[in-house]
Amino acid sequence: MNNAEAAHYDKVRAIFDILNGEKEADLLLKNLNVLDVHGETVHQGSILVYDKRIIALNPDEAILKVKDVFDGRGLYAIPGLIDAHIHFESQLAHPTALAEAMVPCGTTTIYAECLDLLSAAGKEGVEAAEALFRDYDQLPYRLYAFAPGKKTAASVTEAVLKMEPVIGLGEFEHFTYSSGNEDDFRKAAWVRAKGGFMNGHWGVTALSDMILNYLPAIGVSNNHDVWNEKDIEKSIRYGLPTHIKFGVGSSEVIKVLLRAIVDRKWPTDNFMLCTDNISIERLLTMGHMDWIISLSAEMGINPIQAIKMATYNTARSFHMEDKIGSLTPGRFADIVLTDSLSRINPLYVFKDGELVAKDRKLLKNAEIDYSGMCKDGVKGLADLRPEQLDIVPLEVSEDGTRAKVYLFDVYGRGHAKFYQEIWVPLTDGKVVAEHDGVKLSRLSVVQRYADGERHIVNGLFKGVHVDRGAVATFWPAPKPYFVVVGEDSGEMCHCLKRVDSYAGACIVTDGKEDMAVLPLEIYGVMANMTVKELTASAGAIDAALEALGNRNEGEPVVNKLLSLFISLHRFRFMA
């Protein structure tokens, strides 16, 4: 035998010996109510673990030899939860900080995009990927990643496709794949040759029939971009395993999708659950996949089928049902113990048969230093002038009393228009920031590095309001842009220049003095902080804005503002 064959021989022989009482197993979890996702039933029993995997259900304890025994005291045992699609950077935390907030929610596997970080890294994209994935196998969750399908050079995508733990190609860019872009053809060819997966992207009812056929025809493996019943109908009709998502924004979006599944009685085997984008604050206060499963059950989906949508269905979609997604022999021992199936309460979380979280506290984490990924800011706004942030009407009424301007809505994406053109009062030639009797703040979208005339879009904003001062933040992918919210152009300009001194940050100013600063030093998209530090900094931003008149609900303001960049890119507000 060669070395690989000998190693496998030792393992299969060891399993045989353990089951015959001649060798010691690692762990026995007993007194459980075990969820069988295949038969959609629950049975009383025990689970035996050896070498990170389940090797038996209900073994003969009379002959069993085992190192450790865990008494489940009648708790339900369900498979470790799986997020079918999450953007690594969306929560601003690096991989080990993410673990602190996510794993105690019962999540043991994620399928992750990393396109924004690698886009932000630019020419250092390959090096950034290597640093991001360093020691990924030491994390207390299972990580599968996708090479960037958009926002980066094709050469970066090609290199990242060859890395571990990359299993395929991330989101394509609609504006290029719909026009026959050569780089997109090459990326698709590379991942097809590798036998990897391709993530779909774009609300399918917005696609032409040609593109809607083209994506599954070339091998796109799934679709996470559905926003309504018609999107779901088309997605499943064209054979796309469909992700139901909840992330930054209004919870009404996922409720619309779940209500459609229940009302239309679509088989739940078509669906997986994912977050797409989610904040650390949301993880800590509401939960992760545990919360989404519970909401699905509350909306009328059978609880076991809801659990399957965050376990077995996802594993099967990525052809990994032989490794994860069920509590059966041969699968990794990723196990969550909960006292309810309809309202998931992850009391104990095991990954590879090791207890990694208890009572929503992480017990084990990797020790990985990401400080080498921190970058200094390269300033680009030295010549920015306050008057460039003044709102210039798109149109003025004949009597000169009204102006047409843009209105942006932080919660507009997906269930209402992200932006509108509205009429507002015009007094002495100046726009009055008020619509339908409601006072609004101003928003400016500002290009960081200008070669010639700087691209700036000014309008009104619904979602964050200040009576004075300003708040600004920055996102570098796919193009480096700032957004700033405020009342006065001079204050807004000053706040922007403060953020410009960092690689990335969210900063609140008042009277041109810093009130709160959250630096995003890792390529301008991640904070080099622990979860405690990150939530404290995000909380300081919210507290400073509250003193300036904002009344925040839901996500921290920093996450609300950063979510704008997705829509600004999608609706072509970046040059």
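The CG atom of D137 sits 12.0 Å away from atom CZ of R134, with the distance rounded to the nearest 0.5 Å. Atom CD1 of I335 and atom CG of L75 lie 12.5 Å apart (nearest 0.5 Å). The OG1 atom of T338 sits 7.5 Å away from atom CD1 of I307, with the distance rounded to the nearest 0.5 Å. To the nearest 0.5 Å, the span separating CD1 on I368 from CG on L139 amounts to 4.5 Å. Separating the CG atom in N277 from the CZ atom in R282 is a distance of 11.5 Å, to the nearest 0.5 Å.
Among F565, Y406, Y481, the one residue that satisfies the ring pair (Phe, Tyr, Trp, His ring centres under 6.0 Å) test with F573 is Y406.
Pairing each heavy atom of C506 with each of I541, the nearest pair is O-CD1, 3.4 Å. Taking every heavy atom of both residues into account, V525 and A120 meet most closely at CG1-CB, 4.0 Å. Residues V484 and C495 approach most closely at CG2-CB, 4.4 Å, considering heavy atoms. Pairing each heavy atom of I293 with each of A310, the nearest pair is CD1-CB, 3.7 Å. Nearest heavy atoms, C274 versus A84: CB-N, 3.8 Å.
Classification of the F146-F318 ring pair by plane angle, with boundaries at 30° and 60°, yields tilted. Using cut-offs of 30° and 60° for the angle between ring planes, the F70 and F350 rings count as perpendicular.
A donor-acceptor pair under 3.5 Å links the side-chain atoms of S119 to the main chain of K151, judged by distance alone. Although no hydrogens or angles enter the test, the distance criterion places a donor-acceptor pair under 3.5 Å between the side chain of T157 and the main chain of P148. Under a 3.5 Å cut-off, the side chain of D369 and the backbone N or O of S371 do form a donor-acceptor pair. A donor-acceptor pair is defined here as one N or O able to donate and one able to accept, closer than 3.5 Å; such a pair exists between the side chain of R442 and the backbone of L389. Under the 3.5 Å distance criterion, the side-chain polar atoms of S441 are matched with a main-chain donor or acceptor of V466. With hydrogens and angles ignored, the 3.5 Å screen pairs no side-chain donor or acceptor of S317 with any backbone N or O of N313. Using modelled atom types, one side-chain atom of N552 and one backbone atom of E555 make a donor-acceptor pair closer than 3.5 Å. Under the 3.5 Å distance criterion, the side-chain polar atoms of H85 are left unmatched by any main-chain donor or acceptor of A112. Side-chain atoms of S563 come within 3.5 Å of backbone atoms of K560 as a donor-acceptor pair (strictly under, hydrogens ignored). Although no hydrogens or angles enter the test, the distance criterion places a donor-acceptor pair under 3.5 Å between the side chain of N458 and the main chain of D390.
Taking the centre and axis of the six-membered ring of F418, the NZ or CZ atom of R570 falls outside the cone set by 45° and 6.0 Å.
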Practice task
Let me see the working for E89 and Y523 under side-chain hydrogen bond (donor to acceptor under 3.5 Å, both in side chains), right down to the final yes or no.
Solution key: CA-CA 10 Å; E89 317 89 333; Y523 288 107; over 6 Å; no

Handout entry: Worked verdict on F482 versus F474 for ring-ring contact (aromatic ring centres under 6.0 Å, His included)
Key = CA-CA 4 Å; F482 300 90; F474 167 75; 5.0 Å; yes

Practice task
Please assess F461 against L564 for the test side chain to side chain contact (heavy atoms under 4.5 Å, CB included), listing each intermediate value before the final yes or no.
Solution key: CA-CA 11 Å; F461 187 52; L564 286 175; 3.8 Å; yes

Handout entry: Worked verdict on V356 versus L363 for side chain to side chain contact (heavy atoms under 4.5 Å, CB included)
Key = CA-CA 5 Å; V356 293; L363 302 178; 5.7 Å; no

Exercise for the section: Please assess F408 against S567 for the test side chain to side chain contact (heavy atoms under 4.5 Å, CB included), listing each intermediate value before the final yes or no. Expected result: CA-CA 10 Å; F408 297 94; S567 299; over 6 Å; no

Handout entry: Test log, rule side chain to side chain contact (heavy atoms under 4.5 Å, CB included), inputs V483 and T473
Key = CA-CA 6 Å; V483 295; T473 192; 3.7 Å; yes

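The side-chain heavy atoms of L92 and L562, taken from C-beta on, include a pair separated by under 4.5 Å. With a 4.5 Å cut-off on side-chain heavy atoms, L98 and I110 count as touching. Contact annotation: the side chain of C105 never approaches that of W291 to less than 4.5 Å [non-hydrogen atoms, C-beta and beyond]. Put simply, the side chain of E367 does not reach to within 4.5 Å of the side chain of Q138, judged on heavy atoms. Counting heavy atoms from C-beta on, the side chains of P140 and L362 come closer than 4.5 Å. The shortest distance between side-chain heavy atoms of H288 and D290 falls below 4.5 Å. Contact annotation: the side chain of H243 never approaches that of T314 to less than 4.5 Å [non-hydrogen atoms, C-beta and beyond].
By the 4.0 Å N-to-carboxylate-O rule, K245 lies close enough to D225 to be salt-bridged with it.
Around atom CG of D376, no more than 12 heavy atoms belonging to other residues, nucleotides or ligands sit under 6.0 Å away. Atom CZ of R343 has 12 or fewer neighbouring heavy atoms from other residues, nucleotides or ligands inside a 6.0 Å radius.
Of the N and O atoms on the side chains of D83 and T275, at least one donor lies less than 3.5 Å from an acceptor on the other residue. Between the side chains of N199 and N222, at least one donor N or O sits under 3.5 Å from an acceptor N or O.
Remark: aromatic rings of Y144 and Y111 are close, center separation under 6.0 Å.
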